[in-house]
*Asks:* 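Attaching a single structure in structure tokens format; questions to follow.
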Number of protein chains: 2
Amino acid sequence: MTNHLPRTVRVRSDARDNRARILDAARAVFGEEGLSAPMREVARHAGVGPATLYRHFPTKQALIAETFAEQRRACHAAVRDALADSNPWHGFRSLIERICELHAHSRGFADAFMTAFPEAMDFAADRQRTLHVVGELARRAQETGQLRPDFVVDDLILMLMAHRGLQDTPRAARITASRRFAAYVIEAFGAAPGTKASTPLPPTPRLQLTHSPSTP
Amino acid sequence: MTNHLPRTVRVRSDARDNRARILDAARAVFGEEGLSAPMREVARHAGVGPATLYRHFPTKQALIAETFAEQRRACHAAVRDALADSNPWHGFRSLIERICELHAHSRGFADAFMTAFPEAMDFAADRQRTLHVVGELARRAQETGQLRPDFVVDDLILMLMAHRGLQDTPRAARITASRRFAAYVIEAFGAAPGTKASTPLPPTPRLQLTHSPSTP
DNA sequence: ACCCAAACGGACGGGGGCGTCCGTTACGGT
DNA sequence: ACCGTAACGGACGCCCCCGTCCGTTTGGGT
């Protein structure tokens, strides 16, 4: 008998095809309509039946996790670049702009990034690590006197949560709005130059992230 | 025969009672959970059946409109006071703070205020009038050089939309977050003092408001 | 005390979304 | 060309929400 090790089990071509088309569809649909888009919409967009979709990704969250792997890498890269920037304040600003842009280009990713799922999806871990690094970056930017001294990392969460409010709008307006919002945020985070000590900020909230989908 | 004009038709006491309790329940439930809260939750909270609720308010939007009449008046008052303030920039800041506070204290009102319902609820008209007045206020505050010259009224919409992003959080954190957010927004809207001309802002988006509930 | 109409509320139909079952299709190895 | 099995997809059950129907209760005028 020929020793045909079925290495990692043969994957049928149509199955692999469909998997790719489902992921593409998910990126498009979730990207434009957010995570509230029905699974069947993704299925229709991919040209497959609902059962096929559920066979490849047993649950909606599984699909979401796979769908936004690329954006997660982009997010990591943004943080890494920001930390490597020789000018911390410039790095900090670029980071805000890039994160906002990522979130504006994909409603679904923004939802996933900001939403603490009941089952801890690894987006949460990502965000924690990310925020830790941001803390380091912020410390440096404060030392150069360009980031306001009363800034705390939670303020970035605050602004990212606020950024979510811009997402219920068509793609073009959303991206423009996001850019202007980011610019205002950077303006707000910048240390007040010279004499005019800006009025002290109200206390920081203890933000625990949202559970918007499925809160029984 | 005695001429008993049934002036404005007799209203039975239990009916008037229930109507009041329904409105109270609606304020509580919609205020805390937003407009996505089920009607039956309002009914349960009011201790009545669903049919009773629907008899008093034929549709969800009718209930919502009645529920937030008071907040709408408060909003008008805030705008009026701001316009009457002898210091336009102070009036402008107070206005932002008061609107944010109103929105933070009632998720439902924030939703209703920011959401352009399919059927034009008069919230939309309110908002238009309000924004027109805000434009006047902004013009004055820019003349005193305290509001940045590149501010446009749409930027206020931008920030109010962003403020919505803070609402998926428990009441206490929401209010604190809202205050800090408002402070940052005011900081961002303030004109850069002295030499440091702040970097020019990206273009303003053409924001058409959201239709989040029921987009067929 | 009586009565009837106004008001109530449990139960119903309709719609939509999630995840699953099972009969059918078609890949790909021989 | 053939066939076994992996993969497919229409149809199903379940749950939640909105708004309505109809038999029952109760306010309040006589």
Side-chain angles (χ1 to χ4, degrees), chain A residues 1-23 25-26 29-30 33-65 108 111 117-119 212-216, chain B residues 1-23 25-26 29-30 33-65 108 111 117-119 212-216:
Chain A
M1 63 171 74
T2 50
N3 188 2
H4 273 187
L5 285 184
R7 49 183 76 226
T8 68
V9 219
R10 309 294 293 144
V11 193
R12 244 170 69 173
S13 63
D14 55 346
R16 197 156 31 78
D17 251 40
N18 277 338
R19 186 187 162 88
R21 291 169 59 196
I22 288 172
L23 281 174
V29 171
F30 287 145
E33 305 184 28
L35 299 185
S36 64
M39 287 293 264
R40 306 185 111 86
E41 177 102 1
V42 178
R44 270 190 297 274
H45 199 278
V48 303
T52 298
L53 193 160
Y54 278 103
R55 193 170 319 103
H56 284 283
F57 306 93
T59 178
K60 191 171 185 176
Q61 296 186 10
L63 173 58
I64 290 167
D111 285 358
F117 276 124
E119 309 101 68
S212 42
S214 74
T215 315
Chain B
M1 62 173 72
T2 50
N3 188 1
H4 273 185
L5 284 185
R7 49 184 74 229
T8 67
V9 220
R10 308 293 294 146
V11 192
R12 245 169 70 171
S13 63
D14 54 346
R16 196 155 36 76
D17 252 39
N18 277 337
R19 185 188 163 88
R21 291 169 59 196
I22 288 172
L23 281 174
V29 171
F30 288 145
E33 304 183 28
L35 299 186
S36 64
M39 287 293 265
R40 305 185 112 84
E41 178 99 2
V42 177
R44 270 190 296 275
H45 199 277
V48 303
T52 299
L53 193 162
Y54 278 104
R55 193 170 320 103
H56 283 284
F57 306 94
T59 178
K60 191 170 185 175
Q61 295 187 9
L63 173 59
I64 291 167
D111 285 357
F117 276 123
E119 309 102 69
S212 43
S214 74
T215 317

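Proteins come first, then strands; the chains are lettered A, B, ... in the order of their sequence lines, and each starts at number 1. The figures that follow rest on heavy atoms only: side chains count, while hydrogens, waters and symmetry mates do not. The model shown is predicted, which means the values in this text are computed figures rather than measured ones.
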*Asks:* Can you check the A/D14 CG to C/dT25 C1' distance for me, whole Å?
*Replies:* 10 Å
*Asks:* Which residues pass the salt bridge (Lys or Arg N to Asp or Glu O under 4.0 Å) test with B/R16, not counting sequence neighbours?
*Replies:* none
*Asks:* First locate atom OH of B/Y54, then atom CE of B/M39, and finally report the distance between them rounded to the nearest 0.5 Å.
*Replies:* 4.0 Å
*Asks:* Rounded to whole Å, please give me the gap between CZ in A/R16 and P in D/dA6.
*Replies:* 17 Å
*Asks:* Check whether any side-chain nitrogen or oxygen of B/N18 sits under 4.0 Å from OP1 or OP2 of C/dC8, and answer yes or no.
*Replies:* yes
*Asks:* Among all residues two or more places apart in sequence or in another chain, which pass the side chain to side chain contact (heavy atoms under 4.5 Å, CB included) test with A/H56?
*Replies:* A/A15, A/N18, A/R19, A/I22, A/T52
*Asks:* Please report the interatomic distance CG(B/L35) to CD1(B/I64), rounded to the nearest 0.5 Å.
*Replies:* 4.5 Å
*Asks:* Return each pair, listed once, that meets salt bridge (Lys or Arg N to Asp or Glu O under 4.0 Å) where at least one residue sits in residues 47-61 of chain A; pairs must be two or more places apart or across chains.
*Replies:* none
*Asks:* Base, backbone or nothing for each nucleotide of nucleotides 12-21 of chain C, written B, S, -, heavy atoms under 4.0 angstrom, 5' to 3'?
*Replies:* B----SBBBB
*Asks:* Between the protein and nucleotides 3-6 of chain C, which nitrogen or oxygen pairs come in under 3.5 angstrom?
*Replies:*
residue : atom : partner : partner atom : Å
C/dA6   : N3   : B/R12   : NH1          : 2.4

*Asks:* Can you name the residues that form a salt bridge (Lys or Arg N to Asp or Glu O under 4.0 Å) with B/E41, not counting sequence neighbours?
*Replies:* B/R44
*Asks:* What is the distance, rounded to the nearest whole Å, between atom CZ of B/F57 and atom P of D/dC18?
*Replies:* 15 Å
*Asks:* Does a side-chain N or O from A/H56 land closer than 4.0 Å to OP1 or OP2 of D/dC8, or not?
*Replies:* yes
*Asks:* At 4.0 Å (heavy atoms only), tell me whether A/T52 reaches a base, stays on the sugar-phosphate, or touches nothing.
*Replies:* base
*Asks:* Holding to side-chain hydrogen bond (donor to acceptor under 3.5 Å, both in side chains), I want the full list of residues that pass it with A/D17, two or more places apart in sequence or in another chain.
*Replies:* none
*Asks:* With sequence neighbours left out, what residues match B/R12 under side-chain hydrogen bond (donor to acceptor under 3.5 Å, both in side chains)?
*Replies:* B/D14
